[in-house]
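Heads up: the structure comes next, in structure tokens.
The figures here come from the full heavy-atom set of this structure, side chains too, leaving out hydrogens, waters and symmetry mates. Only a predicted model underlies this, so the values are computations on that prediction, with no experimental measurement involved.
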There are 2 protein chains.
Amino acid sequence: MDHKTRCENCIVRQFNSLRAMTKEELKRVSDSKLMKTVKKGEALFEEGEKLNGVYCVRDGVSKLSKLSANGKDQIVKLATKGEVMGQRSVIVEESANLSAVAVNDMEVCFIPKEAIINTLHSNPDFTYEVLRHMAHHLKEADDVIVNMSQKTVKQRIAEAFLYLKHNYGDDDEGYLLLTLSREDIANVVGTATESCIRIISEFKKKGLLKSSGKKLGIVNEKGLQDLADGF
Amino acid sequence: MDHKTRCENCIVRQFNSLRAMTKEELKRVSDSKLMKTVKKGEALFEEGEKLNGVYCVRDGVSKLSKLSANGKDQIVKLATKGEVMGQRSVIVEESANLSAVAVNDMEVCFIPKEAIINTLHSNPDFTYEVLRHMAHHLKEADDVIVNMSQKTVKQRIAEAFLYLKHNYGDDDEGYLLLTLSREDIANVVGTATESCIRIISEFKKKGLLKSSGKKLGIVNEKGLQDLADGF
DNA sequence: GATTTTATATGATAATTGTCAGTTTTTCGA
DNA sequence: TCGAAAAACTGACAATTATCATATAAAATC
């Protein structure tokens, strides 16, 4: 087993609350964890499922979504390298509120809940760190609520592209490194797939976006930003 | 100073994370806290403001809202007796993300952040309890996101009334105990005030709601529920 | 490489929701 | 109790967005 498989040496840990664990706690996590690869489109867990642990993302991206009554999947959040999924459910001992599906091929570590819960009760630094992350997610969620209700679909799509660029970057030709299907983008901004496609076409015509095969790129970032801000 | 002003004896504490504090910690909180009355319409704090502590609601209701670019206030949450406001900002040491304005006359206790922060670092039970509450709010926020993007204005208004009845109750004649203005309801569901008024009128015509002066009451709860569920 | 499936695209139309303008009603302070 | 201000209401219309139908392009499968 090479060193990359030990949590103690995992860079990913720097981004999440596991960094507040003691050496011994981390050793316990590392000994009990299970590495998994998840192929694009596969589910890590489904809404309503009881989770026996959390998933730490080593590589790839997962969408966290919830099925609405009208049969559409609303994507609430994208989880990336370093993020821990399923924390909330484990902490409050409820079944999962969201489904997690891989957007591209992923590498994750499954950490059984015991290794987490024990530390939560004994190491206040760790608990505090988890709390800080949760507080950050709550702020983000509140902001999403405001955007959802106060911005138009066009503004939200513009924002989505800016988000993708800032969080996942683009290649040397200016194409986004994370490619989402039009349907996924529609499910992020909460609109119909057709409306989403139409607006992306419009953005291309206006010289805000460009495309090459499946890839999409931002041409005029300032223009998109102005649009998102309502100008 | 009568016993009701001591946190140790405050019933409200049962509903929030303060119940996980030790006697000594609670004493410190109680000694440093400041009781305030806030009149309807007055702000407890504003978005962007640095908070020096948290507010524990003893009585009354506050709306937590955020101003959007188009000048509208989106109400993200209502905070009631027992809830603690401003926790998030104090924990992550950021300025407030939301404004808090009293919906009716309120009685709150201001607790300086020192009394909270110290305990967060030393008492894992308390930290865990705060974490549990935050996790609960995060789930609620995720659900709001899904509703906002997947339900129609009509459905969201129906839901809002059911929410008001279930969380604040109604009097013996069936009128809601918490009366919000049409504008506030519109800002909760994220729609224009005129649209909100129109739909409420429609609900009254259909025998789903009734009104008497400022008061509104639910006549046909099942009907409202069916509507909210999309039937 | 042909074929089936899936994703993207576009048009036509309907439904929903917002905006503006104006009226009526209620509230509240002088 | 009067009068101003705020809240509730209504109509007409415009803008946004969803839905349905269908076409084309791309990807996956055999």
Side-chain angles (χ1 to χ4, degrees), chain A residues 39-42 68-74 101 103-105 147-158 160-161 176 179-206 209-217 227-228 230, chain B residues 39-42 63 68-74 101 103-105 147-158 160-161 176 179-205 209-217 227-228 230:
Chain A
K39 290 224 189 69
K40 177 177 173 175
E42 283 180 6
S68 70
N70 62 33
K72 276 196 190 162
D73 231 25
Q74 175 65 36
V101 173
V103 167
N104 44 32
D105 292 349
N147 280 341
M148 280 292 178
S149 54
Q150 303 288 357
K151 295 200 169 180
T152 65
V153 173
K154 212 173 282 189
Q155 290 178 296
R156 268 140 54 201
I157 290 181
F161 279 102
L176 293 170
T179 303
L180 293 180
S181 70
R182 311 297 151 106
E183 189 181 1
D184 277 345
I185 298 173
N187 290 344
V188 166
V189 305
T191 189
T193 307
E194 297 95 320
S195 301
C196 180
I197 288 173
R198 239 181 278 270
I199 290 171
I200 289 175
S201 301
E202 186 191 324
F203 284 180
K204 284 196 281 188
K205 283 201 195 94
K206 284 187 181 162
L209 297 178
K210 64 181 175 183
S211 68
S212 162
K214 275 194 79 83
K215 287 183 165 302
L216 280 164
L227 216 154
Chain B
K39 290 224 190 70
K40 176 178 175 174
E42 283 180 5
K63 53 182 175 185
S68 71
N70 61 33
K72 275 195 189 162
D73 230 26
Q74 175 64 36
V101 173
V103 168
N104 45 32
D105 291 349
N147 279 341
M148 280 293 178
S149 53
Q150 304 288 358
K151 296 200 169 179
T152 65
V153 173
K154 213 174 280 190
Q155 288 178 299
R156 270 140 53 203
I157 291 181
F161 279 104
L176 294 170
T179 303
L180 294 180
S181 71
R182 310 297 152 105
E183 189 180 2
D184 278 343
I185 298 173
N187 291 344
V188 166
V189 303
T191 190
T193 308
E194 297 94 322
S195 301
C196 181
I197 288 174
R198 241 181 275 272
I199 290 172
I200 290 176
S201 300
E202 186 191 323
F203 284 179
K204 284 195 282 187
K205 282 200 196 92
L209 297 178
K210 64 180 174 182
S211 68
S212 161
K214 275 194 79 81
K215 288 184 166 300
L216 280 163
L227 216 154

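- Distance CD (A/E183) to P (D/dT19): 13 Å, rounded to an integer number of Å.
- D/dT17 atom P lies 13 Å from atom NZ of A/K72, rounded to whole Å.
- Between the C1' atom of D/dC9 and the CG atom of B/L209 lies a distance of 16 Å, rounded to the nearest Å.
- Between B/R198 and B/K40, the residue anchored nearer the 5' end of DNA chain C, judged by the nucleotide with its closest heavy atom, is B/R198.
- Rounding to whole angstrom units, CD1 of residue B/I185 and P of D/dA7 are separated by 13 Å.
- Separating the NZ atom of A/K151 from the P atom of D/dT16 is a distance of 16 Å, rounded to the nearest angstrom.
- In this structure, A/I197 atom CD1 and D/dT17 atom C1' are separated by 15 Å, rounded to whole Å.
- DNA chain C is contacted by both A/L180 and A/S149; A/L180 maps to the nucleotide lying nearer its 5′ end (nearest heavy atom per residue).
- At the phosphate of D/dA18, OP1 or OP2 sits under 4.0 Å from a side-chain N or O atom of A/S195.
- Counting heavy-atom neighbours within 6.0 Å of B/K154 NZ, excluding the residue itself, gives a total of 12 or less.
- When atom types are taken as modelled, the side chain of B/N104 and the backbone of B/K40 share no donor-acceptor pair closer than 3.5 angstrom.
- One finds the CZ atom of A/R198 at 11.0 Å from the CD1 atom of A/I157 (value rounded to the nearest 0.5 Å).
- Within the 3.5 Å criterion, the main-chain N or O of A/K151 finds a donor-acceptor partner in the side chain of A/R156.
- Where DNA chain C meets chain B (any atom under 4.0 Å from a heavy atom), the bounding nucleotides read 5' to 3' are C/dT17 to C/dT27.
- Of the possible donor and acceptor atoms, none in the side chain of A/D73 sits under 3.5 Å from a partner among the backbone N and O of A/N187.
- Here the CD1 atom belonging to B/I185 is positioned 4.0 Å from the CD1 atom belonging to B/I200, to the nearest 0.5 angstrom.
- Residues meeting the salt bridge (Lys or Arg N to Asp or Glu O under 4.0 Å) test with B/D184, sequence neighbours left out: B/K63.
- With rounding to whole Å, A/E202 atom CD is found 11 Å from D/dT17 atom P.
- Positionally, the nearest nucleotide of DNA chain D for B/E194 lies more toward the 5' end than for the other of A/T191 and B/E194.
- Taking atom CG of residue B/L216 and atom C1' of nucleotide D/dC9, one finds them 13 Å apart after rounding to whole Å.
- Of the residues near DNA chain D, B/R182 and A/K214, the one whose nearest nucleotide (by heavy atom distance) lies more toward the 5' end is B/R182.
- Contacts of B/T193 with the nucleic acid, taken as non-hydrogen atoms under 4.0 Å apart, are absent.
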